[in-house]
Visitor: 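Quick one: the structure is below, questions incoming.
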There are 2 protein chains.
Amino acid sequence: MRNNTLGSLIWLRLMRFTNQSNQMSNDFLKRFDMTTAQFDVLMQIRIYQPLTQMELAEKVTVTQGGISRMLVRLEKEGYIVRKQDWKTKTISLTDKAESILKQAMPEQLAFQSSFFEDVLNEEEQKTLYTLMTRVHKYSQKRELPPE
Amino acid sequence: MRNNTLGSLIWLRLMRFTNQSNQMSNDFLKRFDMTTAQFDVLMQIRIYQPLTQMELAEKVTVTQGGISRMLVRLEKEGYIVRKQDWKTKTISLTDKAESILKQAMPEQLAFQSSFFEDVLNEEEQKTLYTLMTRVHKYSQKRELPPE
DNA sequence: CAACATCATTTGATTAGTCAAGTTAAAAAG
DNA sequence: CTTTTTAACTTGACTAATCAAATGATGTTG
């Protein structure tokens, strides 16, 4: 009874790495006074705005409830605005968020990238991306409710 | 100002995948009435017991405070026992945990593995593991406090 | 138009984690 | 021996999420 099929070793590596790099990213983003989760959500809003909470929840792989709470925080901080629009609430960034992102985005993207660029060459990065894309896409397919 | 250096695409994939597979794993482990985080901690205890909270915290990449709270929950559920031993608290599994793990471990490891085995061949899995190991190890080196 | 159905969002209870300040137990110093 | 130091652990205040039950907003129907 050992802890080591190849797959389970990969799983553990991925979990530990994302966990750790997430913490480092939180640390990095302190200079912009935001967290990794918040940055992620703001980025998605920036790309797709205006959009509804349901749509946003789906983009960041979070539940309805999760996105609701997150948006309350972001609204309180003055990063976003929501307005009731039919049954739906439509979300968009404030100028404050836009201007912070203009600064934070290139730095954060460079920070994220550095984890890979500093150790892997272009070729290896492409391989990693391709493999993870396949794995991810497959896991999404699986998620379909069993009939 | 686009969202796509190769590195940042990899980062996003990893985050989304681990996030999602973690949720699926939580779902899977419901049958054993535990969560992925709990399973992970119990496994580490099982391998290294008896050990201290500090050692355990380091193994699962969590803070002192985090492990303290987690162990309170696990103790309340009757999965572990802690006893004060010198300044330190020594952690070990109860029979209850041992016997649940005996059942849950092979199933959970198979579940984790399936994410990779079902889409990647042996060769590709090895490549993925090697690349992620390099990336992870490098990120740990970086973590050293700046002098 | 009041009652119902429906879809989007919120909320209460809980797990999981962070940081930083507070305890506690044992050792070293006075 | 009491006092101070130190290492290990806990705790308060908080972010982030989950699930499932409750609200809100808008249509539809008797």
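Chain letters run A, B, ... following the sequence lines, proteins first, then strands; residues in each count from 1. As the structure is a prediction and not an experimental result, all values here were calculated from the model.
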Visitor: Can you tell me how far C1' of D:dT15 sits from CG of A:N22, to the nearest Å?
Guide: 12 Å

Visitor: Tell me whether the side-chain N/O atoms of A:K89 come closer than 4.0 Å to OP1 or OP2 in D:dG24.
Guide: no

Visitor: Got a sec, which pairs hit salt bridge (Lys or Arg N to Asp or Glu O under 4.0 Å) with one end in residues 4-22 of chain A, sequence neighbours left out?
Guide: A:R16-B:D40

Visitor: Mind checking what makes side-chain hydrogen bond (donor to acceptor under 3.5 Å, both in side chains) contact with B:S25, not counting sequence neighbours?
Guide: B:T36, B:Q108

Visitor: Kindly compute the distance separating CD1 (B:I80) from CG (B:L71), expressed to the nearest 0.5 Å.
Guide: 4.5 Å

Visitor: Identify, with sequence neighbours excluded, every residue that meets ring-ring contact (aromatic ring centres under 6.0 Å, His included) alongside A:Y129.
Guide: none

Visitor: Could you work out, with side-chain hydrogen bond (donor to acceptor under 3.5 Å, both in side chains) as the rule, every residue matching A:S68, not counting sequence neighbours?
Guide: none

Visitor: Which residue pairs satisfy the salt bridge (Lys or Arg N to Asp or Glu O under 4.0 Å) criterion with at least one member in residues 65-75 of chain A, sequence neighbours excluded?
Guide: A:E75-A:R82

Visitor: Would you be so kind as to tabulate the donor-acceptor pairs closer than 3.5 Å made by side chains of residues 58-65 of chain B, with sequence neighbours excluded?
Guide:
unit_1: B:T63; atom_1: OG1; unit_2: B:G66; atom_2: N; d: 3.1

Visitor: Given axes from five pairs at either end, by how many degrees does the helix from C:dC1-D:dG30 to C:dG30-D:dC1 bend, rounded to 10°?
Guide: 30°

Visitor: Could you tell me how far apart A:L56 (CG) and C:dT9 (C1') are, to the nearest whole angstrom?
Guide: 13 Å

Visitor: Is it the case that A:R134 places NZ or CZ above or below the six-membered ring of A:Y138, under 6.0 angstrom from the centre and within 45 degrees of the axis?
Guide: no

Visitor: Atom NZ of A:K83 and atom P of C:dA8: how far apart are they, to the nearest Å?
Guide: 18 Å

Visitor: Rounded to the nearest angstrom, tell me the gap between atom CD in A:Q53 and atom P in C:dC7.
Guide: 17 Å

Visitor: Give one of base, sugar-phosphate or nothing for B:S68, where a contact means two heavy atoms less than 4.0 Å apart.
Guide: base

Visitor: Between the protein and nucleotides 25-28 of chain D, list every N/O to N/O distance that falls short of 3.5 Å.
Guide:
unit_1: D:dT26; atom_1: O3'; unit_2: A:W86; atom_2: NE1; d: 3.1
unit_1: D:dG27; atom_1: OP1; unit_2: A:W86; atom_2: NE1; d: 2.3

Visitor: CG of B:D33 versus P of D:dC19: gap in Å, rounded?
Guide: 15 Å

Visitor: Looking only at side-chain N and O atoms, does B:R82 come under 4.0 Å of OP1 or OP2 in D:dA8?
Guide: no

Visitor: Can you tell me the distance, in whole Å, between the CE atom of A:M54 and the P atom of C:dT9?
Guide: 7 Å

Visitor: Would you give a per-nucleotide map of nucleotides 13-19 of chain C, 5' to 3', where B means the base has a protein non-hydrogen atom under 4.0 Å away, S means only the sugar-phosphate does, and - means neither?
Guide: B-SBBBB

Visitor: When the distance from CD of A:E58 to P of C:dA8 is rounded to whole Å, what number comes out?
Guide: 12 Å

Visitor: Return the set of residues passing side-chain hydrogen bond (donor to acceptor under 3.5 Å, both in side chains) with B:Q49 (not counting sequence neighbours), or none when no residue passes.
Guide: B:E98

Visitor: The criterion is salt bridge (Lys or Arg N to Asp or Glu O under 4.0 Å); which residues satisfy it with B:D27, sequence neighbours excluded?
Guide: B:K30

Visitor: For A:K83, which residues count as a side-chain hydrogen bond (donor to acceptor under 3.5 Å, both in side chains) partner, sequence neighbours excluded?
Guide: none

